[in-house]
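Just so it is clear, the values below take in all heavy atoms, side chains as well, and ignore hydrogens, waters and symmetry mates. Chain identifiers are assigned alphabetically (A, B, ...) following the order of the sequence lines, protein sequences preceding nucleic acid strands; residue numbering begins at 1 within each chain.
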Amino acid sequence: MLSTPRPQAAPSLLFDDGLTRFSKSKPAESTTLGEPPKKSNRQLKAEAKKRAWEERIAKREAERTRKAEAGDNEEAAFLEKKRKLAEQRKLMGSGSPEKNEKQEQQHKKQKKRKEVPEEHQRKRQKTAGELPLLNGFFPTSVQSPKQKPKNVTQETPQKLEPKFTPSQSDPIHPKQRSSALLSQRQSLPIWAHQSALRQCLIDRDVLVMVGATGSGKSTQLPQFMLNEPWMARRTVPGIDGKVGGCIAITQPRRVAATNLARRVATEAGVKLGEEVGYSVRFDAKAGPKTKIKFLTDGMLLQEMLRDPLLRKYSCIVVDEAHERTVDTDLVMGFLRRLVYGERKGSLKVVVMSATMEVEGMSKFMEENNGQDLDVAAEGEDAAEEGGDIEMKEALAAAVEEALAKEDEEAKEKEEETHPESRKEKRRKKKKKKQSQIDMLLAPRSATPEPVSPVVAEETKPQDDGPESMALYGSIALFQVPGRQFPVDVYHAPEPVTDYVDSALRTIFQIHYSEPLPGDILVFLTGQEEIDSLQKLIEEYAKDLDKTVPRILVLPLYAALPPKEQQRVFLPAPTPNTRKIILSTNIAETSVTVSGVRHVIDTGKAKIKQFRPNLGLDSLLVSEISQSSALQRTGRAGREAPGKCYRLYTEESFKALAQATVPEILRADLAQTILRLKARGCDDIVSFPFLSPPPRNALLAALEQLLGLAALDDTGALTQLGKDMSLLPLLPPQARVLLAAKNAEVVEETIDVISALSGTDSIFVFTTDEEQREAAMEKQKEFLRQEGDHIMLLEIVRAYAAVRPGERRQWCKDHFINPRTMANIWDVRKQLRVLMDVSSSAPEDDEEEEGSESVEVVSPDTAQAVLKCFLTGYYRNTAKLDGRTGGYVTVVGAGNDVVIHPGSSLTGKKREAVVFQELVWTTRPYARWCSAVQMDWIADAAPGVLKRSL
DNA sequence: CAGCGATGT
């Protein structure tokens, strides 16, 4: 058994033993379409490689034993640990005596259950209604899969390194590096297809690539392409200057971009920032020599502001396209245009996805697919909530006109080409779109209606067979297998009413029946749920039988202080301890925890949904999609065969939506549209959206921008809008900042906006009563009667006044998350540069001892700042309703609004408030509130609205 | 009277 993850091992080494074992069950060779027939040779090589690996591992084992015998304590401890684990496995693996004991344990636990502290009972009842006591732990009701274990191939590959590991240094010794890395690289599935892939890219300009975890696609493909003839920098007719020479690989997340760059630089044996580099916000290591650049999608969009043709690049690789973030979707839309437009013949586009569901993407990337003619799907125009009707009507008319025009053009084109198939295609597309819209518009509740029953991913043929390449119209489609261990999937035999309770039972069942090593990863919806389950587990773990391993419960969510997050990646304190990680869906994509072999999936997640007609977000517990479920399942099979326990029935799984609704269909589109316009895309209706947003969402966004004076009546970008688009902020925030420039409170406003945009949780949040009270007490010193905005200003000011060396302690003292504060500081620094604030105070320099003087914000300044906020947030205002004592929105239909309990104004009664965000969770909560006056609102509101106030 | 899924410029 080599599968114990070694503490602090280089992440890439985790594959060592996986490799050998996997290749045993999988033939090293397979047929590939369009690949030169050199198979036998390659096969031999593969076998030799395999043997080499096995030998290496055997050698290492021998080496360990030798070292241990020679008195190397570390190695001896390691071997001892392994031996113990093996024993343990033997001990727990089978036999009926244990079974009886197990049952006894269960009864004990059950009895104990009834004595669960009242507090917990209450909490869970709140979320789950009744609390059924099942007979025994969940296992009695966990079904064995009817078939053999299924291979799970859905994965995203580049998150091998834990997100929060700050290791900047390469953990591999340079001496080992070249040989180890080369053989590692060559053993990656993609390596066998190098020549075929290269040919693909010579033949076609667009390649869609499917590759699951561990295929090596993100790291290897750029290296394959580097010396291709089409990479050469050259002159192209119709474009000024030379074109090409670089490869860009876009990622949805910063960590992924930086980590991949680091790895590729290591593999290529170059210094990071020279031939291989990266570029993310606040951090870039790239220069004139850089040929391969990893960047975030958002960063590429930013580069498009300066050069819409992306002349620097010969190839853009869009990685993780299946995640369908707004930015990825936008990048794909722009690239589609470029590759068949201005950059035709001089740009290669590769779209990489981890899921098989690439048909839509492939069609989208095809030339002449009608996408450019596509109109925004008809959204259901529900009754709009009052407001500025004139504005809305004008906009609606404009959009309608554009739509009609597009429709006509589309029709003409249709008839030009194959009329039959075009129409059919179109109809299908419409239908699909409609269903997306239905889904979007369907009322969301805690248990939403399943959209349309679809065939479970798992029942489809898996990607076990030959890797394949297909030419598909103007694009090439390529599949590379991943490297993933099989995961047994278990479903609940009947619907689960309380998934927290069910998770608890399943955890202990696994703990009692499964040998170590094998940590458990539980997917839950939020912090509160995680905290309460943690308490429950710890309660039960107190009287664990001595024969079973210890338990270590670790929460994992984004708002957790970094130190706490790090604990997830540390090895358990003793070898005889099982880690139980309770995570939000952060562990689904962003963070990879090693050592996990058991996944418990509640099938739920909190999903944000923007409601254009109401102009507010909902953050509700919703069912995940099949692809999310598969992603979660895959987390059990990264290092060894694993097991996944789904706390819902197989039927429920089948009824889940196949894929998560793309973010662009769920989000507030104001910023998206502003960015489109700023990148020269005036006619948003004709932009090739992979998933065209519903019309009412587009309208709401246009209306918002019009209200912020970012657009004029014709829908064209104003100078103000242009300025706004240059700021890395939401449109209302950008508007506020530009207003502040005129009002000469720009420094103060930057402080507030940085604090708001840095995160939504500046304070450390604890459920612990005592700690919370202490925190509240400490935070009192920042409280201002004006409300939250000025309080944030006071906090930022106070922080600025602290000497850099003492800031960490200061954060701790004030229960402020230091990572959040660091982020706020980065934003503040950037905004100060962008807004041309002379850095008179040198507090930004860490070396400088100087610090800003602490100066309490004067009421006049506070008022000026708040008035600026109203220019951007005049719609986010509520006035006190004299009769009910509650607040109702000023703009619109006068809907009820409740001040968020986290606000300093909660429970206070003011004439009116401005708030940053309205989120519907259990009630319509207004977050980040400050007191304002009605006449300020009237002053700040745009013309049409002003009249109605 | 009572709460914050995850990203990004």
Side-chain angles (χ1 to χ4, degrees), chain A residues 123 126-127 163 250-257 279-284 295-305 320 323-331 523-531 556-560 583-591 602 604-609 617-622 624 628 631 660 663 666-667 671-672 674-675 678-679 724-731 733-734 757-767 772 817 820 823 826-827 830-831 834 885-886 898-903 906-908 916-917 919-923 925-928:
Chain A
K123 262 219 166 124
K126 194 184 70 188
T127 52
K163 180 182 176 187
T250 74
Q251 296 290 327
R253 279 170 294 280
R254 298 161 50 93
V255 242
S279 171
V280 299
R281 189 185 182 187
F282 307 133
D283 189 12
L295 30 61
T296 48
D297 306 292
M299 211 55 188
L300 188 74
L301 289 174
Q302 211 57 33
E303 288 194 359
M304 289 191 72
L305 269 181
E320 312 290 0
E323 288 192 26
R324 301 294 311 273
T325 65
V326 173
D327 284 352
T328 307
D329 275 19
L330 291 186
V331 164
F523 284 100
L524 296 154
T525 65
Q527 196 176 336
E528 201 180 358
E529 215 169 80
I530 288 171
D531 288 344
L556 179 64
Y557 43 83
L560 204 66
S583 171
T584 60
N585 45 6
I586 192 174
E588 204 175 293
T589 49
S590 308
V591 174
T602 56
K604 304 271 193 267
K606 280 189 184 169
I607 293 175
K608 204 172 204 172
Q609 168 87 52
D617 283 314
S618 315
L619 186 63
L620 296 176
V621 174
S622 313
I624 59 170
S628 276
Q631 179 80 22
T660 310
E663 198 189 355
R666 297 187 281 114
Q671 193 182 17
T672 305
L674 186 62
R675 294 170 91 178
R679 282 156 189 80
M724 282 164 65
S725 74
L726 294 172
L727 295 169
L729 297 170
L730 293 170
Q733 294 175 327
S757 79
T759 179
D760 39 23
S761 61
I762 186 166
F763 298 122
V764 178
F765 173 88
T766 57
T767 40
R772 203 194 309 193
N817 189 334
T820 300
N823 193 17
D826 282 336
V827 176
Q830 188 184 27
L831 290 179
L834 287 170
V898 183
I899 293 181
H900 197 282
S903 167
T906 185
K908 305 256 165 60
Q916 207 60 29
E917 189 182 30
V919 178
W920 182 284
T921 46
T922 50
R923 302 167 79 184
Y925 282 113
R927 298 180 64 192
W928 304 114

Q. Picking from B:dC4, B:dA6, B:dT9, which would you name as closest to the side chain of A:Arg675?
A. B:dT9
**Q.** B:dT9 OP1/OP2 closer than 4.0 Å to side-chain N/O of A:Thr296
**A.** yes
**Q.** Nucleotide B:dT9, atom P - distance to CG of A:Leu674 in whole Å
**A.** 17 Å
Q | All side chain to side chain donor-acceptor pair (under 3.5 Å) counterparts of A:Arg675, not counting sequence neighbours | A | A:Asp327
Q: Just jot down the ring pair (Phe, Tyr, Trp, His ring centres under 6.0 Å) partners of A:Phe523, sequence neighbours excluded, or say none.
A: none
Q. Reckon A:Leu729 touches a base, only the sugar-phosphate, or nothing at all at heavy-atom distances under 4.0 Å?
A. base
(Q) Measuring from the side chain of A:Arg254 (C-beta onward, heavy atoms only), which nucleotide among B:dG8, B:dT7, B:dG5 has the closest atom? (A) B:dG8
Q: To the nearest 0.5 angstrom, please state how far the CG atom of A:Asp329 sits from the CZ atom of A:Arg324.
A: 4.0 Å
**Q.** Whole angstrom value for the distance that separates P of B:dA6 from CD of A:Glu529
**A.** 13 Å
Q) Whole Å only: how far is the CZ atom of A:Arg927 from the P atom of B:dA2? A) 18 Å
Q: Give the rounded distance in Å between these two atoms: CZ of A:Phe523 and P of B:dA6.
A: 12 Å
Q. Can you check whether A:Thr922 has a side-chain N or O nearer than 4.0 Å to OP1 or OP2 of B:dG3?
A. yes
Q | Between C1' of B:dG5 and CG of A:Leu556, the distance in whole Å | A | 12 Å
Q) Given that A:Leu730 and A:Gly526 both sit by DNA chain B, which one's nearest nucleotide is further toward the 5' end? A) A:Gly526
**Q.** A:Arg281-A:Gln302 side chain donor-acceptor pair, cut-off 3.5 Å
**A.** no
Q | Residue A:Thr584, side-chain heavy atoms: nucleotide from B:dA2, B:dG5, B:dT9 that is nearest | A | B:dG5
Q. What's the closest nucleotide to the A:Tyr925 side chain, out of B:dG5, B:dT9, B:dC4?
A. B:dC4
Q: Look at the side chain of A:Ile586 and decide which nucleotide, out of B:dG3, B:dC4, B:dA6, has an atom nearest to it.
A: B:dA6
(Q) Base, sugar-phosphate or nothing for A:Val280? Non-hydrogen atoms, less than 4.0 Å. (A) sugar-phosphate
Q) Which of these nucleotides, B:dT9, B:dA2, B:dC4, is closest to any side-chain atom of A:Pro901? A) B:dA2
Q) How many Å lie between CG on A:Asp283 and P on B:dG8, as a whole number? A) 12 Å
Q: Would you kindly compare A:Ser725 and A:Thr525 by the position of their nearest DNA chain B nucleotide and give the one closer to the 5′ end?
A: A:Thr525
(Q) Counting distance alone, no hydrogens or angles: does the base of B:dG8 have a donor or acceptor under 3.5 Å from a partner atom on the side chain of A:Gln671? (A) yes
Q) Which distance, rounded to the nearest 0.5 Å, do you find between the CG of A:Leu620 and the NZ of A:Lys608? A) 11.5 Å
**Q.** A:Lys606/A:Glu529 salt bridge by N-O under 4.0 Å criterion
**A.** no
Q) To the nearest angstrom, how far is A:Ile624 atom CD1 from B:dG5 atom P? A) 16 Å
Q. Please give, in whole Å, the distance from B:dT9 C1' to A:Asn823 CG?
A. 12 Å
Q: Check whether any side-chain nitrogen or oxygen of A:Thr921 sits under 4.0 Å from OP1 or OP2 of B:dG3, and answer yes or no.
A: no
Q: Consider the side chain of A:Ala558, meaning its heavy atoms from C-beta on, and name the nucleotide among B:dA6, B:dC1, B:dT9 that approaches it most closely.
A: B:dA6
Q. Counting any heavy atom closer than 4.0 Å, what does A:Gly902 reach on the DNA or RNA strands: base, sugar-phosphate only, or nothing?
A. base
